[in-house]
Q: 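Take this structure, written in structure tokens, and hold onto it; I'll ask about it next.
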Amino acid sequence: MQRSKEKMEREKTDENEYQGKRKLKVCVATCNRADYSKLAPIMFGLKSHPEEFELEVVVLGSHLIDDYGNTFRMIEQDHFDIGSKLHTIVRGEDEAAMVESVGLALVKLPDVLQRLNPDILVVHGDRFDALALATAAALMNIRILHLEGGEVSGTIDDSIRHAISKLAHYHACCTRMAEQHLIAMCEDHSRILLAGCPSYDKLLSTHHRDDYTDIIKSWLGDKATDGDYIVALQHPVTTDIQHSIKIYGLMLDALISFNKKTLILFPNIDAGSKEMVRVMRKKGIEQHPNFRAVKHIPFEQFIQLVCHAGCMIGNSSCGVREAGAFGTPVINLGTRQTGRETGENVLHVRDADTHNKIYHALELQFGKRYPGSKIYGDGNAVPRILKFLSDIDLEEPLQKTFCFPPVKDPISQDIDHILETQSALAVDLGGTNLRVAIVCMRGNIVKKYTEPNPKTFEERMRLILKTCKDAVRDAVHLNCRILGVGISTGGRVNPQEGIVLHSTKLIHEWSSVDLRTPISDALGLPVWVDNDGNCAVLAEKKFGHGRGVENFVTVITGTGIGGGLIHNHELIHGSTFCAAELGHIKVSLEGPECSCGSQGCIEAFASGMALQREAKRLHDEDLLKVEGMDMNLAEPITAAHLISAARNGNSKANAVLHKASMALGVGIVNILHIVNPSLVILSGVLASYYQAPVQDVIKERALVSAQSIKVLKSDLEEPALLGAASMVLDYATRRTY
């Protein structure tokens, strides 16, 4: 008694929950006889659960056309109330008519959907009518359940089916492969139901009817017997209409020759169907004693006819789906079902030039029996779909989300991606080494190549081209897109023509050299060329202390003295391309001889070569080494030894460096008084030593208005390469970040 009482209480609770839960308003839209066979079992299931679901039925498409059997009547015979009938077919049976039919449906559907206001619209398959339904519902924010998505077949049907899947919010698919296809299409796995085909619920439970012989005779005549007739159903292939018409004619010729009772159904309403009917009538099929041509057969009777046929032929999906459940032999013609999963009962004839190949296929298949296949369902699809519908949470966001696979972020237009992947090939041609680097937009050197600089012109050009080609090849694997080549070289350069006019003594055979043409021709890339001093100031402008500074000067303190000027954000080249030859500013009327042939230049006092010369002089006079100074007598004497000696209290060395610092400082004061920059940047190996002394000279010797100008040491490790790259990155992209 206690258990009975608890059961009654549970049933009462369940009833209250049903009463408290709003019914799900489901609109089922059917377009033709084929999709109704799949939708009808679901409609019966919805109708049998009035406490959970409110069913609305919309009929459109070929259901309402007399030539196609006015098949809406079978929906009424199944005792479904049709809420709306929409005449949406534009006759013509060609491609234009299909498009116009979709347009007409889109014009009529909004009023119906607005009036019915369903919670969810159930759409089947891959017909153009269904595409119109899905499009209208999606745009009107109505949730869509798509049946049989994810499958693969031939023709335009594939594109339409996948388009509907992308519009649909939920999916009830038939096979495991279709489920995987939907997942691969980035559909949300939680919204995909592997249900099986709803038509299997009906055909697996009713195909063993006792009256099947009566059904066979009613459609094929009293002489027709079980297994001794053929069912033919061929539709046009809209992407290759002429070929499908040819195959249809050959099929009819083969069937006539095969001389068996044949039940042939009219093709669907796709483009090309009118021509196919014309071929059928031209061959006299409707009057032929072996043929019975019909526009429509009720699905329950059609199941019996397919189940007991000696063979089914054509390109209907029924041949590869429903017929497989019975083991009925099938001959699939053409490409309409290409890619569809099939059982072993299907024999494909992809193409034929005569009817002989089809005839031979009939000989092979007719009368055989194959094991039944349940690829497309097990007879329990409807309960699964009803449960799936009842679990839909209408409070969930309507906006679809796609489950994209884990791939590299698609950020090709993101600023960070542009900065990383758009790159330049930078070349620095020094007196000792040739250096080539792949430089990204951020100024990072992705990869660098260093080779000794050959002494002859021919060898040098060969090495430049080879190293650049190697770098371009490596850039592909490094995911760097090379925008162009920038070249930094010593000497006077015409950047407009890409020609080295004449070089320093450090680079031999390097005058009147056209660098741009051979390198651009060999690599297929634009090429920029400039003096190494100008490249250093460009590097500061883009990547260093000069970013955003309107007027500044960069002074290179290395083997020689060089630099560049930025005025009003622009690099100054001068009328004959020798502006900012800072190393050759005169700071003494006499002084030591300079490499330019003159005397008293900054370079003759303050360059690395000048300091090395003085260090060697002191060393030769045994005046360089002092106590506490670590010095290997076997190594060459350099400027570093002079600086070390000065730091260890060598007065002679200190006097040389003071004179060098004064010369450099006075030269920079001259620059301040001529172009009045707001910043001085020292670059090169001697910059850290010269920074403080030069700042002191400016405070002592510059005009009051220029004494506050700062002297900064460059933070860039590779100014020549970065400057060469900046020519490419700024000019090739026409943007500055």
Q: Does the distance from a Lys or Arg side-chain N to an Asp or Glu carboxylate O, for Arg462 and Glu458, drop under 4.0 Å?
A: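 Salt bridge absent between Arg462 and Glu458.
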Q: Salt bridge (charged side-chain N to carboxylate O under 4.0 Å, His left out) for Lys466 and Glu451? Distances and angles first, verdict last.
A: CA-CA 11 Å; Lys466 178 185 179 300; Glu451 296 286 347; over 6 Å; no
Q: Check whether any side-chain heavy atom of Ser595 sits under 4.5 Å from a side-chain heavy atom of Met609, and report yes or no.
A: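 Contact flag for Ser595/Met609 side chains = no.
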Q: What verdict does the side chain to side chain contact (heavy atoms under 4.5 Å, CB included) test give for Cys596 and Glu603, after you've listed the backbone C-alpha separation in whole Å, the side-chain angles of each residue and the deciding distance to 0.1 Å?
A: CA-CA 9 Å; Cys596 69; Glu603 187 170 292; over 6 Å; no
Q: For the side chain of Asn531 and the backbone of Gly490, is there at least one donor-acceptor N/O pair under 3.5 Å apart?
A: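 No, Asn531 side chain to Gly490 backbone: no donor-acceptor pair under 3.5 Å.
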Q: Counting C-beta onward and ignoring hydrogens, is there a side-chain heavy-atom pair between Val446 and Asp474 closer than 4.5 Å?
A: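 No, their side chains stay 4.5 Å or more apart.
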Q: Set out, in order, the CA-CA distance, both residues' side-chain angles and the distance that settles salt bridge (charged side-chain N to carboxylate O under 4.0 Å, His left out) for Lys699 and Asp696, then state yes or no.
A: CA-CA 5 Å; Lys699 289 179 181 178; Asp696 291 340; 5.2 Å; no
Q: Applying side chain to side chain contact (heavy atoms under 4.5 Å, CB included), run through Asn568 and Asn551 and close with a yes or a no.
A: CA-CA 6 Å; Asn568 292 333; Asn551 302 287; 3.9 Å; yes
Q: In Å and rounded to the nearest 0.5 Å, what is the OG1 to CG distance from Thr554 to Leu571?
A: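 The CG atom of Leu571 is 10.0 Å from OG1 of Thr554, to the nearest 0.5 Å.
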Q: Sub-3.5 Å donor-acceptor pair from the side chain of Asn453 to the main-chain atoms of Thr432, do we have one?
A: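 Not a single qualifying donor-acceptor pair exists.
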Q: Is it the case that atom CE in Met177 sees more than 12 heavy atoms from other parts of the structure closer than 6.0 Å?
A: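 Check fails, neighbour count at 12 or below.
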Q: Is the shortest heavy-atom distance from the side chain of Leu618 to the side chain of Leu642 under 4.5 Å?
A: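 With C-beta onward as the side chain, the pair touches.
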Q: Are the side chains of Ile156 and Ser159 in touch, meaning some heavy atoms are under 4.5 Å apart?
A: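 They are in contact (side-chain heavy atoms under 4.5 Å apart), so the answer is yes.
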Q: Test His189 against Cys403 for side chain to side chain contact (heavy atoms under 4.5 Å, CB included), laying out the working first.
A: CA-CA 8 Å; His189 197 175; Cys403 299; over 6 Å; no
Q: How far apart are the closest heavy atoms of His545 and Asp715, and which atoms are they?
A: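 What the structure gives for the nearest pair is CE1-OD2, 3.2 Å.
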Q: Mark yes or no for whether Ser520, through its side chain, and Leu525, through its backbone, hold a donor-acceptor pair below 3.5 Å.
A: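 Side chain of Ser520 to backbone of Leu525, a donor-acceptor pair under 3.5 Å: yes, one is there.
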Q: Do any N or O atoms from the side chain of His673 and from the backbone of Leu703 form a donor-acceptor pair under 3.5 angstrom?
A: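 Judged by distance alone, yes, a pair lies under 3.5 Å.
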Q: Let me confirm one number: the CH2-SG distance from Trp528 to Cys535, rounded to the nearest 0.5 Å.
A: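 If we round to the nearest 0.5 Å, Trp528:CH2 and Cys535:SG are 12.5 Å apart.
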Q: Taking the side chain as every heavy atom from C-beta outward, state whether Met662 and Phe605 have any pair of such atoms under 4.5 Å apart.
A: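 Not touching, per the 4.5 Å side-chain cut-off.
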Q: What do you reckon, is CG of Leu398 surrounded by more than 12 foreign heavy atoms closer than 6.0 Å?
A: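 Yes - once you tally the heavy atoms of other residues, nucleotides and ligands closer than 6.0 Å, there are more than 12.
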Q: Passes side-chain hydrogen bond (donor to acceptor under 3.5 Å, both in side chains), Glu550 versus Ser678? Steps please.
A: CA-CA 8 Å; Glu550 185 176 3; Ser678 58; over 6 Å; no
Q: Please check this pair: side chain of Gln612 against backbone of Ala639, looking for a donor-acceptor N/O pair closer than 3.5 Å.
A: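 It does not hold such a pair.
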Q: Output the distance between atom CD (Glu614) and atom NZ (Lys659), rounded to the nearest 0.5 Å.
A: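 These two atoms lie 7.5 Å from each other.
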Q: So, the side chain of Asp188 versus the backbone of Ser190: is there a donor-acceptor pair under 3.5 Å, distance only?
A: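 Yes, Asp188 side chain to Ser190 backbone: donor-acceptor pair under 3.5 Å.
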Q: Give the minimum heavy-atom separation between Pro495 and His573, together with the two atoms involved.
A: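 Answer, listing the atom of Pro495 first, then His573: CG-NE2, 3.4 Å.
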Q: Look only at the side chain of Arg435 and the backbone of Thr450, and say whether a donor-acceptor pair between them is shorter than 3.5 Å.
A: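 The answer is no, because no donor-acceptor pair under 3.5 Å joins these two groups.
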Q: List the atom of Glu187, the atom of Lys400, and the distance in Å for their closest heavy-atom pair.
A: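 Heavy atoms of Glu187 and Lys400 come nearest at OE1-NZ, 2.7 Å.
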Q: Is it the case that over 12 heavy atoms from other parts of the model lie below 6.0 angstrom from the CD atom of Glu621?
A: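 More than 12 heavy atoms, drawn from other residues, nucleotides or ligands, come within 6.0 Å of this atom.
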Q: Can we say Arg617 and Asp620 salt-bridge, meaning some charged N sits less than 4.0 Å from an Asp/Glu carboxylate O?
A: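 Between Asp620 and Arg617 there is no salt bridge, as every charged N stays at least 4.0 Å from the carboxylate O atoms.
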Q: Is Val485 close to Leu523 at the side-chain level, that is, under 4.5 Å between some pair of heavy atoms?
A: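 Counting from C-beta outward, Leu523 and Val485 do come under 4.5 Å.
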Q: Show the numbers, then the answer: is there a side chain to side chain contact (heavy atoms under 4.5 Å, CB included) between Ser661 and Val697?
A: CA-CA 8 Å; Ser661 301; Val697 173; 5.7 Å; no
Q: Val527 and Ile519: which non-hydrogen atoms are nearest, and at how many Å?
A: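 Minimum heavy-atom separation between Val527 and Ile519: CG2-CG2, 3.8 Å.
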Q: Can you tell if the side chain of Leu565 reaches within under 4.5 Å of the side chain of Ile671, non-hydrogen atoms only?
A: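 A side-chain contact under 4.5 Å exists here.
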Q: Mind listing the closest non-hydrogen atom pair of Thr559 and Ser607 along with its distance?
A: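 Smallest heavy-atom distance, with atoms named: O-CB, 3.3 Å.
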Q: Any sub-3.5 Å donor-acceptor pair from Gln691's side-chain atoms to Val711's backbone N or O?
A: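 It does hold such a pair.
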Q: How long is the span from the CD1 atom in Ile643 to the OH atom in Tyr689, to the nearest 0.5 Å?
A: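 Result: 6.5 Å between the selected atoms.
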Q: Using a 4.5 Å cut-off on heavy atoms from C-beta on, say whether the side chain of Asp158 contacts that of Val152.
A: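 They are in contact (side-chain heavy atoms under 4.5 Å apart), so the answer is yes.
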Q: Could you tell me the separation between the CG atom of Asp730 and the CG atom of Leu483, rounded to the nearest 0.5 Å?
A: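 The CG atom of Asp730 sits 11.0 Å away from the CG atom of Leu483.
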Q: State, to 0.1 Å, how close Val549 and Ile566 come at their nearest heavy-atom pair, and which atoms those are.
A: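 Of all heavy-atom pairs spanning Val549 and Ile566, the closest is O-CG2, 4.5 Å.
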Q: To the nearest 0.5 angstrom, please state how far the CD atom of Gln695 sits from the CD atom of Gln707.
A: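 Here the interatomic distance stands at 10.5 Å.
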Q: Within a reach of under 6.0 Å around NE2 of His569, are more than 12 heavy atoms found that belong to other residues, nucleotides or ligands?
A: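 Yes, the 6.0 Å shell around NE2 holds more than 12 heavy atoms from other groups.
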Q: Verify the neighbour count for atom CZ of Arg701: are there more than 12 heavy atoms of other residues, nucleotides or ligands below 6.0 Å?
A: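 It does not: Arg701 CZ has 12 such atoms or fewer within range.
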Q: Quick one: does Asn650's side chain have a donor or acceptor within less than 3.5 Å of a partner on Lys652's backbone?
A: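 Pair found, side chain donor or acceptor close to backbone of Lys652.
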Q: Any donor and acceptor pair, going by atom type alone, linking the side chain of Thr557 with main-chain N or O of Ala687 inside 3.5 Å?
A: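 Yes, Thr557 side chain to Ala687 backbone: donor-acceptor pair under 3.5 Å.
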